[in-house]
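Remember, it's a predicted structure, so these values are computed and weren't measured experimentally. Only heavy atoms go into these numbers, but all of them, side chains included; no hydrogens, no water, no symmetry mates.
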Number of protein chains: 2
Amino acid sequence: MAKALKPTNDAVEILHRRTYEGRPARMKNLEEARANEQIALKIQELRAAAALTQTQLAKLIGTTASVICRLEDADYEGHSLAMLRRIAAALNRRVEIRFVPIRRSA
Amino acid sequence: MAKALKPTNDAVEILHRRTYEGRPARMKNLEEARANEQIALKIQELRAAAALTQTQLAKLIGTTASVICRLEDADYEGHSLAMLRRIAAALNRRVEIRFVPIRRSA
DNA sequence: CAGTCTATTCGCAATATTGCGAAAGAGCAA
DNA sequence: TTGCTCTTTCGCAATATTGCGAATAGACTG
């Protein structure tokens, strides 16, 4: 029968537990949801700053308004780098990606 | 600025030369290709900094080594936010996305 | 040399994202 | 009210990304 927590000095195993098993997936989803929300908001802001309607921006990047609307929905979870870049390019910007260290309090 | 070949120990510069020289097809989407390349490199760096093998990182995010290898390929064009976040989370980081204005001068 | 660990490439199925039209809601002005 | 513009939601097909094993190559050690 399996031990609840088998002894290990395998750093990978330990980190895996910490990341996926020991923790409710809720936290990760929360952070992700927040991030998605911010992306949606950012797209909205960029479009507004450029004084474009959803239809206009859609045409700029070669898609339709419903797609833009979906991207600006705070609950949308399907953001992709490809799409963000298309929008950025249309608005004369580039997508900068950084891996920022997280401070895990206690 | 001079674009003539000069001695360099800048890894990005070296990789850039190796990737683009003699491949005019790339010049079209140069910026995007370069961005993908930097992402690949960044993943490699993060993994190395964490002292992980591809297999170990793969297990951390619940996939296989071949997937990690693909992500670290400078020619890979399929980078997604979802995957970047999984990697970031495993390495105790978060993905920060910014739309930065493009300076086309000079 | 064999053995081990790591990295890379390939092919295809499974899943996720995008494309797109149609319909309807919201707001505003005449 | 009607008309107009913009936005939002829905469903499904088309495309893109991921999962994953197997095979290969490279580096290193004894």
Please walk me through it: do A/Ile68 and A/Ile61 pass side chain to side chain contact (heavy atoms under 4.5 Å, CB included)?
-> CA-CA 10 Å; A/Ile68 302 298; A/Ile61 68 174; 3.8 Å; yes

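Here the straight-line distance linking atom CG of B/Asn36 with atom CD of B/Glu31 works out to 12.0 Å at 0.5 Å rounding.
Nearest heavy-atom pair across A/Ala88 and A/Val95 is CB-CG2, 3.7 Å. Contact detail for A/Leu60 and A/Ala90: the closest heavy-atom pair is CB-CB, 4.1 Å.
Close to C/dA7, at under 4.0 Å from its OP1 or OP2, lies a side-chain N or O of B/Arg47.
Separating the CG atom of A/Asp73 from the P atom of D/dT8 is a distance of 8 Å, rounded to the nearest angstrom. Atom CG in B/Leu52 sits roughly 17 Å away from atom P in C/dC5 (whole-Å rounding). At whole-Å resolution of the value, NZ in B/Lys59 and P in C/dC5 are 12 Å apart. Here D/dT7 presents its P atom at 9 Å from CD of A/Gln44, a figure rounded to the nearest Å.
Between the side chain of A/Glu72 and the backbone N or O of A/Cys69, no donor-acceptor pair lies under 3.5 Å.
Pairs of residues two or more places apart, or lying in two chains, that qualify as salt bridge (Lys or Arg N to Asp or Glu O under 4.0 Å) and include a residue from residues 83-97 of chain A are A/Arg94-A/Glu96, A/Glu96-A/Arg98, A/Glu96-B/Arg98.
Between C/dT8, C/dT6, D/dT8, one nucleotide has an atom nearer to the side chain of A/Gln54 than all others, and that is D/dT8.
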At under 4.0 Å between heavy atoms, which parts of nucleotides 10-30 of chain D does protein reach? Answer with one letter per nucleotide, 5' to 3': B base, S sugar-phosphate only, - none.
-> -------SBBBB---------

